[in-house]
Colleague: 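Handing you a structure now.
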Amino acid sequence: MKELRLISTNCYNIPERVRELDDDYRLYYNVRRNVIELHNLRHIPTFQLVLPYSQLDTRTIEYIRRTRVDKIINEIKEIDEYNNNLENKLINQTLDEIHEKTKSVINYMNRGGSQIPSYSEL
């Protein structure tokens, strides 16, 4: 971690505000890559993301809020719920179609049809 320099404060108190989001968050300046990185001391490896901004300001806080893992997990849950609802809707539509076709076959057979009707007769 020789290339990382801890950013402990700035004029907008961004590092302090980042720690309000999560006490284990730290901002580092990567000297070799010339970028600001977010690290989480609770995880190994600690690296979380590279900030898309060259300076620390309010955008930094908003960006970190938007990309937090717990928010992403909620988004994934919403996507899964939507997909499950869509799948159930398709299954129900298919079952309804099967039910209608089966009724048609039974009605045909009850009318004296000697063979299973072709698809066009249904």
Side-chain angles (χ1 to χ4, degrees):
M1 289 189 36
K2 289 187 267 183
E3 67 269 359
L4 297 179
R5 303 285 184 252
L6 178 65
I7 303 171
S8 56
T9 190
N10 77 342
C11 61
Y12 302 115
N13 295 324
I14 299 300
E16 292 87 350
R17 292 170 60 192
V18 167
R19 282 194 294 280
E20 287 175 7
L21 295 174
D22 189 323
D23 197 42
D24 292 320
Y25 281 171
R26 297 295 185 271
L27 293 174
Y28 288 93
Y29 178 72
N30 189 320
V31 177
R32 187 168 43 91
R33 295 177 54 209
N34 197 25
V35 293
I36 299 171
E37 299 176 352
L38 176 69
H39 289 254
N40 188 333
L41 302 180
R42 199 173 338 140
H43 300 290
I44 296 178
T46 62
F47 175 78
Q48 296 293 303
L49 58 88
V50 172
L51 293 172
Y53 316 112
S54 60
Q55 298 180 19
L56 293 176
D57 53 27
T58 304
R59 297 174 303 169
T60 302
I61 302 297
E62 291 305 313
Y63 185 78
I64 292 171
R65 255 194 208 116
R66 280 196 328 267
T67 58
R68 286 188 63 166
V69 170
D70 54 345
K71 182 168 174 104
I72 292 172
I73 289 172
N74 286 338
E75 294 291 326
I76 291 171
K77 285 180 183 177
E78 287 178 15
I79 291 170
D80 285 344
E81 184 178 321
Y82 175 80
N83 287 339
N84 285 336
N85 289 339
L86 184 62
E87 183 179 0
N88 288 336
K89 182 179 176 183
L90 291 172
I91 288 171
N92 288 335
Q93 285 176 345
T94 304
L95 288 175
D96 289 344
E97 186 177 322
I98 290 171
H99 179 70
E100 290 300 315
K101 298 294 181 186
T102 304
K103 274 183 16 181
S104 294
V105 169
I106 290 172
N107 287 338
Y108 179 81
M109 298 302 278
N110 286 337
R111 287 192 312 254
S114 59
Q115 298 178 355
I116 295 177
S118 67
Y119 187 79
S120 62
E121 291 177 295
L122 297 175

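If you read the sequence from its start, that first residue is 1, and numbering goes on from there. Since the model is a prediction, treat every value here as computed from it, not as a measurement.
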Colleague: Filter on salt bridge (Lys or Arg N to Asp or Glu O under 4.0 Å), then keep only pairs touching residues 40-52, sequence neighbours left out; what's left?
Modeller: D22-R42, D24-R42
Colleague: Tell me whether F47 is reachable from L6 by hopping between hydrophobic residues (I, L, V, M, F, W, Y) whose side-chain heavy atoms are closer than 4.5 Å.
Modeller: no
Colleague: Which residue pairs pass the salt bridge (Lys or Arg N to Asp or Glu O under 4.0 Å) test when at least one of the two sits in residues 81-95, sequence neighbours left out?
Modeller: none
Colleague: Kindly write out the residues that satisfy salt bridge (Lys or Arg N to Asp or Glu O under 4.0 Å) with R66, not counting sequence neighbours, or none if the list is empty.
Modeller: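 Salt bridge (Lys or Arg N to Asp or Glu O under 4.0 Å) list for R66, sorted by chain: empty.
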Colleague: Find out whether L51 and Y63 are in side-chain contact, i.e. whether some heavy atom of one side chain is under 4.5 Å from a heavy atom of the other.
Modeller: yes
Colleague: Can you check whether R26 reaches I7 side chain to side chain, under 4.5 Å on heavy atoms?
Modeller: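 When only atoms from C-beta onward are counted, I7 and R26 do not touch, as no gap falls below 4.5 Å.
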Colleague: Once side chain to side chain contact (heavy atoms under 4.5 Å, CB included) is applied, do any residues pair with R33, and if so which ones, sequence neighbours excluded?
Modeller: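 Once residues adjacent in sequence are excluded, the partners of R33 under the side chain to side chain contact (heavy atoms under 4.5 Å, CB included) criterion are N30, V35, E37, V50.
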Colleague: Tell me every residue that passes side chain to side chain contact (heavy atoms under 4.5 Å, CB included) with I73, counting only those two or more places apart in sequence or in another chain.
Modeller: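 So I73 forms a side chain to side chain contact (heavy atoms under 4.5 Å, CB included) with V69, K77.
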Colleague: Crowded around I44 CD1? As in, over 12 foreign heavy atoms under 6.0 Å?
Modeller: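 No, because the 6.0 Å sphere around CD1 of I44 holds 12 heavy atoms or fewer from other groups.
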Colleague: Taking all heavy atoms of N10 and all of I14, pick out the closest pair and write down the distance.
Modeller: OD1-N, 2.9 Å
Colleague: Quick check on the hydrophobic clustering: are L56 and V31 connected, directly or via other members, by side-chain heavy-atom contacts under 4.5 Å?
Modeller: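 Same cluster.
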Colleague: Kindly write out the residues that satisfy side chain to side chain donor-acceptor pair (under 3.5 Å) with N34, not counting sequence neighbours, or none if the list is empty.
Modeller: Y29
Colleague: Decide whether L41 and L27 are clustered together by the hydrophobic rule: side chain heavy atoms of Ile, Leu, Val, Met, Phe, Trp, Tyr closer than 4.5 Å, transitively.
Modeller: no
Colleague: Taking all heavy atoms of V18 and all of I61, pick out the closest pair and write down the distance.
Modeller: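 Where V18 meets I61 most closely, the heavy atoms are CG2-CD1, 3.6 Å.
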Colleague: Give, for atom CD1 of I106 and atom NZ of K101, the distance between the pair rounded to the nearest 0.5 Å.
Modeller: 14.0 Å
Colleague: I'd like to check the ring pair (Phe, Tyr, Trp, His ring centres under 6.0 Å) partners of Y12; sequence neighbours left out, ordered by chain and number.
Modeller: none
Colleague: What residues, two or more places apart in sequence or in another chain, satisfy salt bridge (Lys or Arg N to Asp or Glu O under 4.0 Å) together with E62?
Modeller: R65
Colleague: Other members of the hydrophobic cluster containing L95, with the 4.5 Å side-chain heavy-atom rule, please.
Modeller: I91
Colleague: Identify, with sequence neighbours excluded, every residue that meets side chain to side chain contact (heavy atoms under 4.5 Å, CB included) alongside E16.
Modeller: T9, N13, R19
Colleague: Tell me the closest heavy-atom pair linking S8 and P15, and the distance in Å.
Modeller: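 Closest heavy-atom pair between S8 and P15: O-CB, 3.6 Å.
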Colleague: Test of understanding: with side chain to side chain contact (heavy atoms under 4.5 Å, CB included), list the residues that count as partners of Q48, not counting sequence neighbours.
Modeller: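 Partners of Q48 by the side chain to side chain contact (heavy atoms under 4.5 Å, CB included) criterion, ordered by chain and then number, come out as L38, N40, H43.
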Colleague: Quick one: pull up CD in E78 and CG in N83 and give me the separation to the nearest 0.5 Å.
Modeller: 12.0 Å
Colleague: For residues 49-60, pull every pair meeting side-chain hydrogen bond (donor to acceptor under 3.5 Å, both in side chains), keeping only residues two or more places apart or in separate chains.
Modeller: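 Those involving residues 49-60 are D57-R59.
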